[in-house]
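Down below is the structure, laid out as structure tokens.
Every value quoted in this text rests on a predicted model; they were computed, and no experiment measured them. FYI, the numbering just counts along the sequence from 1.
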Amino acid sequence: MPVPFETLIPYGIIIAMFGVSGAGMSKIRNWQNGGKRQRRGIDQWDRVLMDRDRRLTGDLRGQANNPVAPAGYELNNPWRLEKRIS
């Protein structure tokens, strides 16, 4: 018994919307990462280096090739220390 083509239209719409949403999510992730592919398997060392790169360049995925840190970087310490002596 043949299936009427009218019953396949909603399935086609559903598949198309899944494809559009998947492509949109891929494009947004690519845009957020500065045009680079998404990182996988990030450990603590990678997070430390990503934080350092963010403090140096202002971008999470940016990297600087300047051997001298910019002015003000020496005051931009990520370690938060508590004041023990008042």
Side-chain angles (χ1 to χ4, degrees):
M1 178 180 255
V3 177
F5 72 92
E6 292 91 3
T7 60
L8 299 177
I9 293 174
Y11 292 114
I13 292 172
I14 290 170
I15 290 172
M17 293 310 291
F18 273 118
V20 167
S21 63
M25 287 293 292
S26 175
K27 183 66 177 173
I28 288 173
R29 285 184 182 154
N30 190 6
W31 177 68
Q32 285 178 339
N33 286 326
K36 299 176 184 174
R37 295 184 60 105
Q38 183 179 2
R39 292 185 178 185
R40 300 191 184 275
I42 299 173
D43 59 358
Q44 186 63 31
W45 178 250
D46 293 331
R47 286 189 183 94
V48 168
L49 290 181
M50 286 168 55
D51 187 44
R52 183 209 54 181
D53 291 341
R54 184 190 53 77
R55 290 186 292 118
L56 274 173
T57 63
D59 188 17
L60 189 64
R61 295 291 302 263
Q63 295 178 351
N65 61 355
N66 190 4
V68 179
Y73 185 75
E74 64 274 0
L75 302 175
N76 193 1
N77 189 353
W79 293 357
R80 305 292 182 236
L81 301 176
E82 61 185 44
K83 300 227 182 234
R84 298 207 177 226
I85 301 173
S86 299

> How is the hydrophobic cluster of Phe18 composed, in terms of its other members, when Ile, Leu, Val, Met, Phe, Trp and Tyr link through side-chain heavy atoms under 4.5 Å apart, directly or indirectly?
Replying inline: Ile14

> Under the side-chain hydrogen bond (donor to acceptor under 3.5 Å, both in side chains) test, which residues partner Arg54, sequence neighbours left out?
Replying inline: Asp51

> By side chain to side chain contact (heavy atoms under 4.5 Å, CB included), which residues pair with Asp53, not counting sequence neighbours?
Replying inline: Gln63

>> Quick check for you: to the nearest 0.5 Å, what is the distance between Ile15 atom CD1 and Tyr11 atom OH?
In response: 10.0 Å

> Rest of the hydrophobic cluster containing Trp45 (Ile/Leu/Val/Met/Phe/Trp/Tyr, side-chain heavy atoms under 4.5 Å)?
Replying inline: Leu49

>> Could you see if Met17 belongs to whatever hydrophobic cluster contains Leu8? Use Ile, Leu, Val, Met, Phe, Trp, Tyr and a side-chain cutoff under 4.5 Å.
In response: no

Please list every donor-acceptor pair under 3.5 Å in which a side-chain atom of residues 25-37 meets a protein atom from a residue at least two apart or in another chain.
unit_1, atom_1, unit_2, atom_2, d
Asn33, ND2, Arg29, O, 3.3
Lys36, NZ, Arg61, O, 3.0

